[in-house]
Amino acid sequence: MTDEGLCTFCSGTRPPLPDGATARSPLAGTGPGSGSGSGGWGVGTWPRSPVGLSRAVIALLGCVIASDLFVIGAGLHLRGLWEGLAADESLNIYIDPGLRAQELYDLAGNVQTAAFLATGVLFIIWFHRTRRNAEVFESGVQRMGPGWSVGGWFVPVANLWFPYRVASGIWEASVRLHPDGGWRTVPKTVLNLWWGGWIVSVLASRIAVSQWNRAREPEQISDAAALVAAADALDLVAAALAIVFVRAVTRMQVERAGSRQAATVPERAVPGPTAP
């Protein structure tokens, strides 16, 4: 525990090594017995706390949810104008009300894009840290190296599957062991819901944007706007599931690090009574 009452993992500090042990040199090799596992170069001896990063990611995911609500409202308002034009071609939505609605929708789209990009960058940083921690906890269950926790998101087509494989290894390695050291499994319901929600959201967004770009007539634009709003609603759900996933993994890693520290750090000797 630190002076502030935090465990060393949550505070971002490292516990003292057992008596007689020395810290592993950054220049040490990565061969068998070096402690680096299958992740290769740069995996440390102690895990690094993901708590601070997780709080920032969750806050930004909240911003994504707020921006989704903003763009859904603006989009449905704009859709109403195009729907009215489809029903009555004598209406003119290209003047003040229509221009304001379009400007609001453009602003909402820019806010949504900014929130998504900022969240994506920080999420990947958090994801990479938890993957490195997973290498420290259980390197044997990792299916892909730590680099794929970043690169896997940018490989076309493969990014629909690679990040899930990385996340699955993180999940399995982060599970706290039984008190006797036995392996314990935790259902991957949260993981599967998060990934399923993300994939559905991405595919729905691509379909909606494609239809929006092809729309030319008022009725087509109205239908496309409804589809875009539905895709934004799915993105909102995916962001909420991502919050649950980030909280779950962070909690499991804190618990696993705490049990690892308790098993590694020797109890401090209690001073005996002094002689008179």
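Counting from 1, the numbers follow the sequence of the chain as shown. Just so you know, these numbers use all the heavy atoms, side chains as well, and skip hydrogens, waters and symmetry mates.
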Aromatic rings F245 and W126: how do their planes relate, parallel, tilted or perpendicular, breaks at 30° and 60°? perpendicular

Closer than 3.5 angstrom, by distance alone: can the side chain of N133 be matched with the main-chain N or O of R48 as a donor-acceptor pair? yes

Say you draw a straight line from CD1 of I58 to CD1 of I243; how long is it, rounded to the nearest 0.5 Å? 6.5 Å

Does the ring center of F162 lie less than 6.0 Å from the ring center of W153? no

If you measure from CD on Q102 to CG on L107, what distance do you get to the nearest 0.5 Å? 11.5 Å

For the backbone of R206 and the side chain of S210, can you confirm whether one donor and one acceptor N or O come within less than 3.5 Å of each other? no

Interatomic spacing from OH in Y105 to CG in L81 - rounded to 0.5 Å: 13.0 Å

With rounding to the nearest 0.5 angstrom, report the CZ to CD distance, F137 to E172. 14.5 Å

Of all the heavy-atom pairs spanning V57 and L122, show the shortest one and how long it is. CG2-O, 3.6 Å

Using modelled atom types and a 3.5 Å cut-off, is there a donor and acceptor pairing between side-chain atoms of T250 and backbone atoms of R247? no

What is the distance from atom CG of L53 to atom CZ of R129, rounded to the nearest 0.5 Å? 4.5 Å

Any donor-acceptor pair under 3.5 Å from S222 side chain to E219 backbone: no

Spacing of CD1 belonging to I170 relative to OG belonging to S149, to within rounding of 0.5 Å: 6.5 Å

Assign the ring pair F123 / F127 to parallel, tilted or perpendicular, where the plane angle (0 to 90°) is split at 30° and 60°. parallel

For Q253 and P50, which heavy atoms make the closest approach, and how far apart are they? OE1-CG, 3.8 Å

Short question: side chain of S67, backbone of V64 - any donor-acceptor pair under 3.5 Å? yes

Would you kindly say whether D232 and Q112 are connected by a side-chain donor-acceptor distance under 3.5 Å? yes

